[in-house]
Amino acid sequence: MSEGTKSTLYYIAALGVLAFGLSYAAVPLYRIFCQAYSYGGTTQQGHNAEKVEDMKTVTDRVIRVRFNADTAASMTWNFRPQQSEIKLHPGETALAFYTAKNPMDRPVIGISTYNVVPFDAGQYFNKIQCFCFEEQMLNPHEEVHMPVFFYIDPEFVDDPKMQNVDMLTLSYTFFEAREGLQLPMPQFAR
């Protein structure tokens, strides 16, 4: 085999290894991207405490926030929101609770994902405190109340795409945390 052919084969093999590595890393990288830029209905992670303190409430606009709770097929917990919806103004903080109960005779560890519908509104939905992406262990027959403390950014009212939006849905899905668990990504991300 000539040196040129060997060199070409090495480049092709290196590209194959690179492509395999990038495909393996695509899911976690996409999740990080979605959380950083509120893409695909994910909400903003973290918040600026000064912004919350100085935030002005937009009193002439009321937004209804509906709450949804789901569990993956293999998850045994009973999981539900404590309230079906709340009304708030952009720039106003709100506190909602979800309840999870482990009906099993063994401890179960769960982890949740979330999204906001409509997807474009996710960039304005800011969670100050949340139970998402953190493992939660419930002992046999234990029930817990999990808070979500959030606000809708006042900039929501300045976005022309949000002009006719008066209802958002915050949806959580709990999965049983198992070694090697890969949380599902939206269909459009695949």
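Sequential numbering from 1 along the given sequence is applied to the chain's residues.
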Going through the checks in order, is the side chain to side chain contact (heavy atoms under 4.5 Å, CB included) test met by Val117 and Leu168? CA-CA 6 Å; Val117 176; Leu168 308 177; over 6 Å; no
Verify side chain to side chain contact (heavy atoms under 4.5 Å, CB included) between Gln163 and Val157, making sure each step is shown before the conclusion. CA-CA 7 Å; Gln163 185 176 24; Val157 299; over 6 Å; no
Take Val148 and Phe97, measure what side chain to side chain contact (heavy atoms under 4.5 Å, CB included) needs, and give me the verdict at the end. CA-CA 6 Å; Val148 179; Phe97 286 89; over 6 Å; no
Test log, rule side chain to side chain contact (heavy atoms under 4.5 Å, CB included), inputs Tyr98 and Arg80: CA-CA 6 Å; Tyr98 282 77; Arg80 62 181 170 74; over 6 Å; no
Kindly indicate, with the supporting measurements, whether the criterion side-chain hydrogen bond (donor to acceptor under 3.5 Å, both in side chains) is fulfilled by Asp166 and Asn164. CA-CA 6 Å; Asp166 63 350; Asn164 296 319; over 6 Å; no
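Side-chain contact between Thr71 and Thr173 is absent, with no heavy-atom pair separated by less than 4.5 Å. Residues Val165 and Pro118 have side chains in contact (heavy-atom distance under 4.5 Å, counting atoms from C-beta outward). Counting heavy atoms from C-beta on, the side chains of Phe175 and Met75 never come closer than 4.5 Å. Within the 4.5 Å cutoff, no side-chain heavy atoms of Phe150 are placed close to those of Gln129. Contact annotation: the side chain of Glu143 approaches that of Thr99 to within less than 4.5 Å [non-hydrogen atoms, C-beta and beyond]. Taking 4.5 Å as the limit, every side-chain heavy atom of Asn126 sits out of range of all side-chain heavy atoms of Ile152. Residues His89 and Phe156 have side chains not in contact (no heavy-atom distance under 4.5 Å, counting atoms from C-beta outward). Counting heavy atoms from C-beta on, the side chains of Pro154 and Lys56 never come closer than 4.5 Å.
For the residue pair Pro90 and Asp153, the shortest heavy atom distance occurs at CB-O, 4.0 Å. Across Tyr151 and Ile128, no two heavy atoms sit closer than the pair CD2-CD1, 3.8 Å. Taking each heavy atom of Phe119 and Asn115 in turn, the nearest pair found is CE2-ND2, 4.2 Å. Taking both residues in full, the closest heavy atoms of Pro103 and His141 are given as O-CE1, 3.2 Å, listed atom of the first, atom of the second, then distance. Taking all atoms of both residues into account, the shortest heavy-atom contact from Ser112 to Cys132 is OG-CA, 3.2 Å.
In this structure, CD on Glu85 lies 4.5 Å from CZ on Arg64, to the nearest 0.5 angstrom. The structure places CE of Met104 at 12.5 Å from CG of Leu138, a figure rounded to the nearest 0.5 Å. In this structure, the separation between CD1 on Ile111 and CD on Glu134 is 8.5 Å, given to the nearest 0.5 Å.
For the pair Lys127 and Tyr114, the distance from NZ or CZ to the six-membered ring centre is under 6.0 Å and the angle to the ring normal is within 45 degrees.
Between Phe79 and Phe131, the ring planes are perpendicular. Angles over 60° get that label, and only those under 30° would be called parallel.
Judged purely by atom type and a 3.5 angstrom limit, Asn102 uses its side chain to pair as donor or acceptor with the backbone of Asn139.
Under the 4.5 Å side-chain heavy-atom criterion for Ile, Leu, Val, Met, Phe, Trp and Tyr, Phe125 and Met167 are members of distinct hydrophobic clusters.
Between the side chains of Thr57 and Glu92, not a single donor N or O lies within less than 3.5 Å of an accepting N or O. In this model, no donor atom of one side chain and acceptor atom of the other lie less than 3.5 Å apart for Asn68 and Tyr172.
Residue Arg66 places its CZ atom among 12 or fewer non-hydrogen atoms of other residues, nucleotides or ligands, all under 6.0 Å distant.
A salt bridge does not link Lys161 with Glu155: none of the charged nitrogens is closer than 4.0 Å to a carboxylate oxygen.
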